[in-house]
Asker: 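Pasting a structure here, questions to come.
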Amino acid sequence: MSTASTKSPVVTMTEQLYKNVSMGNDAILHLLPRVSDGTPGGRIKTNMTATLCYYEKLSSKLQSILADHGEEAQEEGMMAKMGARMGIIMNTAMDSTDSHIAQMLIEGATMSVTENTKLIHEYENDPDCAEVVSLARSLVEFEERHIEALKQYL
């Protein structure tokens with residue numbers, strides 16, 4: 001594996017995008033057990049599961065791009081993951097209603113849109129990053145649709 005100073009822009013961008021997707025994936029995995037099955041048709045759970053599938057497919061694509069460049073996907077560190085998990089536990093301990101879960105997911109998706117839009121702007125003029133920029137744009141569009149779909153639960 002190469003060091004941070006010798007990584008190509010495509011590797012750097014792909015790694016960051018992978019970390020962003022992994023954080024969303026991890027959040028949903030930890031929120032799903034806290035979602036009640038009391039909603040009609042379990043729609044919020046269905047929405048979350050579909051989002052999880054999208055994240056997993058995108059993660060696989062990003063891992064493949066990294067492998068093509070001789071790199072291995074790295075997730076966030078244990079401390080960051082534990083902090084996020086503790087936040088979910090604390091946030092849902094007092095309120096695990098669909099409305100509150102939707103609010104948490106909207107906040108996370110909004111952070112994803114912000115972070116990934118920054119990545120797009122940073123790398124969009126690098127022709128080597130075109131594929132990853134395209135994936136990031138698709139993710140931003142997906143997150144924006146996801147936010148709109150979640151608003152019905154507020």
Side-chain angles (χ1 to χ4, degrees), residues 1-35 43-93 96 100-151 153:
M1 263 189 233
S2 58
T3 62
S5 61
T6 60
K7 289 183 181 178
S8 70
V10 69
V11 167
T12 302
M13 182 184 184
T14 305
E15 286 177 335
Q16 189 57 53
L17 188 58
Y18 180 80
K19 284 181 181 180
N20 293 346
V21 172
S22 292
M23 288 292 284
N25 191 51
D26 200 42
I28 289 178
L29 284 173
H30 286 86
L31 274 171
L32 269 171
R34 291 164 173 74
V35 175
R43 293 176 316 187
I44 195 165
K45 206 170 225 181
T46 302
N47 178 297
M48 292 170 70
T49 303
T51 301
L52 192 59
C53 288
Y54 178 84
Y55 288 161
E56 289 174 353
K57 287 178 186 174
L58 182 54
S59 290
S60 292
K61 286 181 188 177
L62 296 170
Q63 287 171 336
S64 177
I65 291 168
L66 287 170
D68 289 347
H69 287 85
E71 298 287 336
E72 195 172 304
Q74 302 292 318
E75 294 187 16
E76 284 293 328
M78 186 54 77
M79 291 304 289
K81 281 185 162 194
M82 289 303 294
R85 289 176 188 163
M86 290 304 296
I88 289 169
I89 290 168
M90 297 296 289
N91 238 314
T92 57
S96 62
H100 187 67
I101 299 283
Q103 178 183 342
M104 291 172 64
L105 290 167
I106 288 169
E107 289 170 4
T110 300
M111 287 188 339
S112 175
V113 167
T114 301
E115 289 302 312
N116 294 316
T117 299
K118 287 179 187 177
L119 273 178
I120 291 166
H121 290 162
E122 185 174 347
Y123 293 99
E124 66 188 343
N125 294 322
D126 187 327
D128 293 336
C129 295
E131 179 183 11
V132 184
V133 167
S134 178
L135 292 172
R137 283 190 174 119
S138 295
L139 176 58
V140 167
E141 291 168 10
F142 176 84
E143 295 286 27
E144 289 171 340
R145 288 190 308 273
H146 184 218
I147 290 167
E148 288 304 310
L150 288 167
K151 287 179 181 179
Y153 303 107

Asker: Can you give me the closest heavy-atom contact between Pro9 and Cys129, atom names plus distance?
Answerer: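 Nearest pair, atom of Pro9 first, then Cys129: C-SG, 3.7 Å.
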Asker: Between atom CD1 of Ile147 and atom CD of Glu144, what is the distance when rounded to the nearest 0.5 Å?
Answerer: 6.5 Å
Asker: CD of Glu56 to NZ of Lys61: how many Å apart, nearest 0.5 Å?
Answerer: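 The CD atom of Glu56 sits 13.5 Å away from the NZ atom of Lys61.
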Asker: With side chain to side chain contact (heavy atoms under 4.5 Å, CB included) as the criterion, how do Asn20 and Met111 come out once you've worked through the C-alpha distance, each side chain's angles and the decisive distance to 0.1 Å?
Answerer: CA-CA 9 Å; Asn20 293 346; Met111 287 188 339; over 6 Å; no
Asker: What I'd like to find out is whether the side chain of Tyr54 reaches to under 4.5 Å of the side chain of Ser59, using heavy atoms alone.
Answerer: no
Asker: How long is the gap from CE on Met13 to NZ on Lys7, to the nearest 0.5 Å?
Answerer: 15.0 Å
Asker: For Ile44, run the side-chain contact (heavy atoms from CB on, under 4.5 Å) check against Val35, Leu31, Thr49 and tell me which one passes.
Answerer: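 Exactly one pass, corresponding to Val35.
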Asker: Give a yes or no on whether a salt bridge exists between Glu148 and Arg145, defined as a side-chain N under 4.0 angstrom from a carboxylate O.
Answerer: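 Not counted as a salt bridge, because no side-chain N and carboxylate O are separated by less than 4.0 Å.
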Asker: Looking only at heavy atoms, which two atoms of Tyr153 and Ala102 are closest? And how far apart?
Answerer: CB-CB, 3.6 Å
Asker: Quick one: does Asn25's side chain get under 4.5 Å of Thr51's, heavy atoms only?
Answerer: no
Asker: Working to the nearest 0.5 angstrom, can you tell me the gap between Glu71 CD and Thr12 OG1?
Answerer: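 Separation between the atoms: 8.5 Å.
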Asker: Are the side chain of Asn116 and the backbone of Ser112 linked by a donor-acceptor contact shorter than 3.5 Å?
Answerer: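 Yes; at least one donor-acceptor contact below 3.5 Å.
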Asker: Do Glu72 and Leu66 have side-chain heavy atoms sitting under 4.5 Å apart?
Answerer: no
Asker: If a pair satisfies side-chain hydrogen bond (donor to acceptor under 3.5 Å, both in side chains) and one of its residues is in residues 122-135, list it, with sequence neighbours excluded.
Answerer: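 Listed once each, the pairs are Glu124-Arg137.
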Asker: Do Ile65 and Tyr18 have side-chain heavy atoms sitting under 4.5 Å apart?
Answerer: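 In short, these two side chains do not touch, never coming nearer than 4.5 Å.
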Asker: Can you check whether Val10's main-chain N or O pairs, donor with acceptor, with Thr14's side chain at less than 3.5 Å?
Answerer: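 A pair under 3.5 Å: yes.
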Asker: Check for a donor-acceptor pair, side chain of His100 on one end and backbone N or O of Ser96 on the other, with a separation under 3.5 Å.
Answerer: no
Asker: Look up atom CG in Leu150 and atom CE in Met48, then write down how far apart they are to the nearest 0.5 Å.
Answerer: 8.5 Å
Asker: For the atom pair OG (Ser22) and CG (Leu29), what is the distance rounded to the nearest 0.5 Å?
Answerer: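 Taking OG in Ser22 and CG in Leu29, the distance rounds to 10.5 Å.
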Asker: For Glu107, what residues pass the side-chain hydrogen bond (donor to acceptor under 3.5 Å, both in side chains) criterion, not counting sequence neighbours?
Answerer: Gln103
Asker: Does the side chain of Leu119 come within less than 4.5 Å of Val132's, by heavy atoms?
Answerer: no
Asker: Decide yes or no on side chain to side chain contact (heavy atoms under 4.5 Å, CB included) for Ile88 and Arg34, but give the supporting numbers first.
Answerer: CA-CA 9 Å; Ile88 289 169; Arg34 291 164 173 74; 4.1 Å; yes
Asker: Report the C-alpha separation of Leu105 and Ile28 in whole Å, then their side-chain angles, then the decisive distance to 0.1 Å, and conclude whether the side chain to side chain contact (heavy atoms under 4.5 Å, CB included) test is met.
Answerer: CA-CA 8 Å; Leu105 290 167; Ile28 289 178; 4.0 Å; yes
